[in-house]
Protein chains: 2
Amino acid sequence: MSNSSYPVNIATREKVLKAATELGYTPNSLARSLRSQRSKLIAAIVGDNADPYFAEIMRGVEDVASEHGYLTIVCNSDRQPAKELHYLRTLRDYRADGVLFAGGALNEPSHAQRLEEVVNEMKSRGAAIITLAQHTLGVPSIQTDNFGGARAMTTRLLELGHRRIAFVAGPSNLTVANVRLQGYMAALVEAGLSLDPHLILTGNFDREGGQRAAHDIAQIPVEHRPTAIFAANDQTAFGVMLGLGEMGWRVPDAISVCGFGDLPMAQIVFPQLTTVSIPLRQLGRTGTLRLLAALRNEEIPPLEVLPTTVVERSSTAPYREAL
Amino acid sequence: MSNSSYPVNIATREKVLKAATELGYTPNSLARSLRSQRSKLIAAIVGDNADPYFAEIMRGVEDVASEHGYLTIVCNSDRQPAKELHYLRTLRDYRADGVLFAGGALNEPSHAQRLEEVVNEMKSRGAAIITLAQHTLGVPSIQTDNFGGARAMTTRLLELGHRRIAFVAGPSNLTVANVRLQGYMAALVEAGLSLDPHLILTGNFDREGGQRAAHDIAQIPVEHRPTAIFAANDQTAFGVMLGLGEMGWRVPDAISVCGFGDLPMAQIVFPQLTTVSIPLRQLGRTGTLRLLAALRNEEIPPLEVLPTTVVERSSTAPYREAL
DNA sequence: CTGAAAGCGCTAACAG
DNA sequence: CTGTTAGCGCTTTCAG
């Protein structure tokens with residue numbers, strides 16, 4: 001019944017199969033997993049499955065997993081090291097065959113080490129671990145080109161004539177957020193512009209942060225005020241647009257706004273958001289594909305980078321002297 | 001180690017516990033599950049985890065599950081009976097302790113029966129099954145008041161002075177969609193208005209459907225044209241607004257638009273969407289709470305209805321004779 | 001209170 | 001090709 005290559009008379013096989021259907025027999029996967037040391041369970045550790053960013057990745061993971069007969073477990077860490085660690089341990093105890101870390105590394109003393117301990121334990125038992133973002137764990141990683149995307153977007157704004165471009169950063173303890181900031185800075189430096197620290201605002205990858213940033217920007221004296229705002233992610237960009245709207249500023253006439261991520265709603269907001277598109281579902285798919293390959297003991301690359309693309313919509317416009 | 005009530009000398013206990021930590025021993029959950037006939041695994045069968053509707057529910061499920069030491073498995077059915085059934089069988093084989101059907105029943109001949117067979121098998125083994133929408137399965141169900149919400153919203157539009165109110169329906173094979181349509185019709189009938197079949201448009205719970213409906217509505221001669229459009233879900237409403245925008249119609253000045261669901265992006269679109277708010281996460285939480293209660297052999301109500309509320313934002317306005 | 005043993009349902013290995 | 005058996009790592013039961 002396990003359709004192995006074990007030789008068995010065709011008549012006998014049919015007889016067994018028939019009896020199985022008649023009795024409604026189906027193998028107990030738990031017993032099978034226990035015996036075979038393969039649970040056919042994989043897990044995605046995400047920050048929050050209700051966050052469209054993670055939801056898309058998870059969808060990619062689940063798709064590939066189910067295509068290959070694996071079940072997918074969701075783990076919401078809420079970016080709390082304790083939760084993440086607890087999940088990983090539970091997964092280890094369930095003998096999960098693989099774990100995908102969808103978010104970046106969580107910055108907390110000794111968390112990385114504790115995580116690594118469990119990871120090594122799992123690896124030594126034959127499990128495969130993959131990260132889908134820059135991470136401290138020394139495991140294969142599939143990543144999206146956050147740096148390149150941020151640089152490309154900033155360069156595009158420069159091409160549009162903008163010179164004072166604000167950046168609303170993400171949580172400083174998130175690597176992804178920092179890398180995007182780096183990309184923004186790189187583009188400015190490459191263009192021979194100096195970095196104005198007043199134009200780098202703190203955000204939190206959420207709408208509120210963007211809203212606050214918008215109001216902060218309004219406080220900047222007009223001669224130093226940015227003509228474009230680049231938000232580290234789409235949620236923040238939505239917040240920025242909302243905040244701007246609250247003060248009666250029109251986007252993109254008064255100021256250009258762009259984000260990073262290309263969430264589905266980027267096309268629904270008004271004006272439609274210019275943003276950097278990340279192949280999120282593909283990230284989940286590729287990650288899972290690699291994970292399954294690793295499970296088959298295939299060699300997989302330590303790092304794969306998926307390209308991001310600038311998608312210009314209506315929230316950005318060329319710089320014009322007078323408003 | 002299983003912290004049971006089994007009497008054991010405190011000294012011995014400590015010795016064992018100490019040895020366990022030293023050796024890095026942790027119980028194998030698979031073996032434990034096999035032996036105890038409880039996997040501590042529950043599953044949420046959703047249409048698509050990347051759909052914010054399901055994502056929110058799942059989040060509620062996962063929260064409660066993890067609080068109680070359960071792992072959550074995601075299953076995307078894409079509303080395909082075959083997929084749903086396949087998942088359910090797999091879950092049965094994994095001895096999942098519980099399954100939550102997040103979406104409504106899938107309309108296909110004999111699907112209901114096949115599903116029920118597996119459900120009964122699982123129930124007889126002690127598993128708990130719950131639905132989070134109207135369903136053909138005879139299992140406890142937690143639902144949101146779709147009928148009441150649709151009726152309340154329609155009534156509100158009537159209060160605002162609208163008399164010709166269009167309804168963009170959802171997929172006719174989805175119970176939720178039909179119930180909302182019923183609520184809309186009930187409100188009109190209660191108000192003593194006759195139903196105009198031309199004002200009931202077909203949609204598909206997606207943006208495209210809404211967009212199409214918007215264009216269709218524009219074709220209606222002005223004297224019969226609706227002054228408000230009630231979309232069966234938010235995605236459709238976004239599509240309607242988009243379609244209206246394409247034709248240069250202003251919402252809510254030219255026409256009022258409202259949706260159903262209160263997705264996060266309802267607050268981000270412009271104008272912000274008036275909609276019926278569903279306690280999605282609560283639905284997931286309550287459902288899981290009941291499921292766990294059932295697992296403890298507690299009596300749980302066959303049907304619980306969670307209230308929905310009309311949230312008025314800026315996409316609706318009182319009816320005005322001249323535009 | 002402790003130690004030993006049976007068995008959950010499977011797979012892999014071994015004789016026949 | 002078929003039938004039997006040992007164990008995967010637990011929990012539960014039963015003697016001591």
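Just so it is clear, the model here is predicted, and its values are computed rather than measured. Chain letters run A, B, ... following the sequence lines, proteins first, then strands; residues in each count from 1.
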How long is the line joining CG of N28(B) and P of dC8(D), in whole Å? 11 Å
R32(A) side chain: which of dT11(C), dC8(C), dG9(D) is closest? dT11(C)
Over how many whole Å does the gap from K15(A) atom NZ to dC1(D) atom P extend? 14 Å
Choosing from dC8(D), dC10(C), dC10(D), which nucleotide comes nearest the side chain of Y25(B)? dC10(D)
Measuring from the side chain of R35(A) (C-beta onward, heavy atoms only), which nucleotide among dC8(C), dG7(D), dG9(D) has the closest atom? dG7(D)
A133(B) versus A102(B), closest heavy-atom pair with distance: CB-O, 4.1 Å
If I take atom CD in residue Q37(B) and atom C1' in nucleotide dT12(D), what distance separates them, rounded to the nearest angstrom? 12 Å
Any base atoms under 4.0 Å from T12(A), or only sugar-phosphate, or nothing? Heavy atoms, all strands. sugar-phosphate
CD (E298(B)) with more than 12 external heavy atoms under 6.0 Å: yes
Is the distance from OP1 or OP2 of dC10(C) to the nearest side-chain N or O of S29(A) less than 4.0 Å? no
What is the minimum heavy-atom distance between V74(A) and E62(B), and which atoms define it? O-OE2, 3.3 Å
If you check every side-chain atom of N9(A), which of dT2(D), dT11(C), dC10(D) has the closest atom? dT2(D)
Below 4.0 angstrom from OP1 or OP2 of dC10(C), is there any side-chain N or O of Y94(B)? no
Is the side chain of N178(A) donor-acceptor paired with the backbone N or O of S172(A) at a distance under 3.5 Å, no angle test? yes
In whole Å, I'd like the distance from the CG atom of L34(A) to the P atom of dT11(C). 11 Å
How close or far is atom C1' of dC8(C) from atom CG of D93(B), stated in whole angstroms? 16 Å
Mapping R13(B) and A31(B) to their closest nucleotides on DNA chain C, which lands nearer the 5' end? R13(B)
Once you round it to whole Å, what is the distance between C1' of dA12(C) and CZ of R38(A)? 16 Å
To check you understand the geometry: which heavy-atom pair defines the closest contact between G126(B) and L295(B), and what is its length? O-CD1, 3.6 Å
Whole-Å gap separating C1' (dC10(D)) and CG (L30(B)): 11 Å
Tell me: CZ of R95(B) to P of dC8(C), nearest whole Å? 13 Å
